[in-house]
Number of protein chains: 2
Amino acid sequence: MQLTIVVNYICRMKKEEVHVDFENSIAPWLGKTAKVIEYHFQEKFNDANLDLTKEQMVVLKKLHYDDGLSQNDLAFLTLRNKSSLTRLLSKMEKKGYIIRQQSNVDKRVNKVFLTQKGRDTFVLVKPVVKEMMAKIEQNITDSEKKLIINMLKRIQSNFGPQVKSL
Amino acid sequence: MQLTIVVNYICRMKKEEVHVDFENSIAPWLGKTAKVIEYHFQEKFNDANLDLTKEQMVVLKKLHYDDGLSQNDLAFLTLRNKSSLTRLLSKMEKKGYIIRQQSNVDKRVNKVFLTQKGRDTFVLVKPVVKEMMAKIEQNITDSEKKLIINMLKRIQSNFGPQVKSL
DNA sequence: CTTTATTAGTTGCATATGCAACTAACTATA
DNA sequence: TATAGTTAGTTGCATATGCAACTAATAAAG
């Protein structure tokens, strides 16, 4: 009798496939929406003849508000692996948007600065970004906007403390 | 007098730098949240010893519900460039998750099918995904969940008609 | 029925990314 | 102070991705 129970249990285990309701879960919708937005962001940059990827734009933006950050901090703040940032910066340096400057306090550290071209480019980028933001939020009310941002922050908090937007 | 007006206007144009409020806009928060989630998704897969990227998981999932899709449809449904899908499938085929089968109706078309290994793997993937979904939504109420998904759908609709989740 | 246009899929090229291994430089400990 | 550990940044390797150019096959037009 005991054995029967165990066998039944095992059989049930094998049959009971875990069910995941993708259609009514946040993650897939979030992923898809982010993907759509990112795609159109890049498209807008290309249309505006900005020689810039969306990732490079984020770095430009961070430096605009916080010039002279170390690569380490910049990687952390933009949610990037430091190796990824290294190569992103190399491309941006080659294009003349930024320069690396070794710290004389700690020779391991590179401080990253915007060049004049970098600053000028960001000025051109801003209206494009603004337009995209408006398009994204065109049918979202202000209170809804507050709400969704609040929810997004809470979702992020489930994976550890985070602070600012990208 | 007329000239003065024009000159003043131009000066104002140059000074008035466009201001973008990143901190109170949806896009950056959405982007960041999606990035955090994607990172932890991949981490979970690795921890569970699933030899699978998150992108490959999405394809596996689509085929699970719609076996035999063409590469074209699969690319469209997963928001991928067809060239990107080609290479994604090549890797998945090499790993034995899927097979391509040329259509005999239209020899240009490859229909994509899950292999037994692909089906078995998806069974292992599901609980991991389910756990992640729960973690993401742990501090979001059901009505909030409905609300955020609705908003995400509306945001997507600003970039053309879309249907299902990823 | 032949020519032209379109479509499905592949490939070269460029970018972005995470991990692990590495170097150089700084910090802490014995 | 010498040795061990840590940290910042770089590089090799693997994956994913978009665009443009390409091939092969089908559809449309003459």
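It should be emphasised that the depicted structure is a prediction, and the values quoted were computed from it without experimental measurement. Computed from heavy atoms alone, side chains included, the values below leave out hydrogens, waters and symmetry copies. Within every chain, numbering begins at 1; the chains are lettered A, B, ... in the order of the sequence lines, protein sequences first and strands thereafter.
The distance from the CD1 atom of B/Ile155 to the CD atom of A/Gln138 is 10.5 Å, given to the nearest 0.5 Å. For the atom pair CD1 of B/Ile148 and CD1 of A/Ile26, the computed distance is 5.0 Å after rounding to the nearest 0.5 Å. Interatomic distance, NZ of B/Lys126 versus CE of B/Met133, reported as 11.5 Å (0.5 Å rounding).
Which of C/dT17, D/dT15, D/dG9 sits closest to the side chain of A/Leu88 comes down to C/dT17. Looking at the side chain of A/Arg80, the nearest of the listed nucleotides C/dT17, D/dA8, C/dG18 is C/dT17. When each of C/dC26, D/dT17, C/dT6 is scored by its nearest atom to the side-chain atoms of A/Lys107, the top-ranked nucleotide is C/dC26. The nucleotide whose nearest atom lies closest to any side-chain atom of B/Thr53 is, among D/dT15, D/dA25, D/dT10, D/dT15. The side chain of B/Asp106 approaches D/dT26 more closely than any other nucleotide in the set C/dT10, D/dT15, D/dT26. Relative to the side chain of B/Lys82, the nucleotides C/dG9, D/dA16, D/dT11 differ in distance, and C/dG9 lies closest. In this structure, of C/dT15, D/dT26, D/dG9, it is D/dT26 that holds the atom nearest to the side chain of B/Arg108. Here D/dT17 is the nucleotide among D/dG18, D/dT17, D/dG9 with the atom lying nearest to any side-chain atom of B/Glu55. Distance from the side chain of A/Gln56 is smallest for C/dT15 among the nucleotides C/dT15, C/dT10, D/dT10.
Under 4.0 angstrom from either OP1 or OP2 of C/dA8 there lies no side-chain N or O belonging to B/Gln102. Remark: B/Asn110 is not in phosphate contact with C/dG9, judged by side-chain N or O atoms under 4.0 Å from OP1 or OP2. Look at A/Arg87 and you won't find any side-chain N or O under 4.0 angstrom from OP1 or OP2 of D/dG12. Distances shown here put every side-chain N or O of B/Gln42 at or beyond 4.0 Å from the OP1 or OP2 atom of C/dT17.
Between B/Glu144 and A/Arg154 there is a salt bridge, with a side-chain nitrogen of the basic residue lying less than 4.0 Å from a carboxylate oxygen of the acidic one.
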Inset, instruction - Verify side-chain contact (heavy atoms from CB on, under 4.5 Å) between B/Leu63 and B/Val112, making sure each step is shown before the conclusion. - result: CA-CA 8 Å; B/Leu63 291 174; B/Val112 185; 3.7 Å; yes
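For the pair A/Asn104 and B/Ser84, both in contact range of DNA chain C, the more 5′-proximal nearest nucleotide belongs to B/Ser84.
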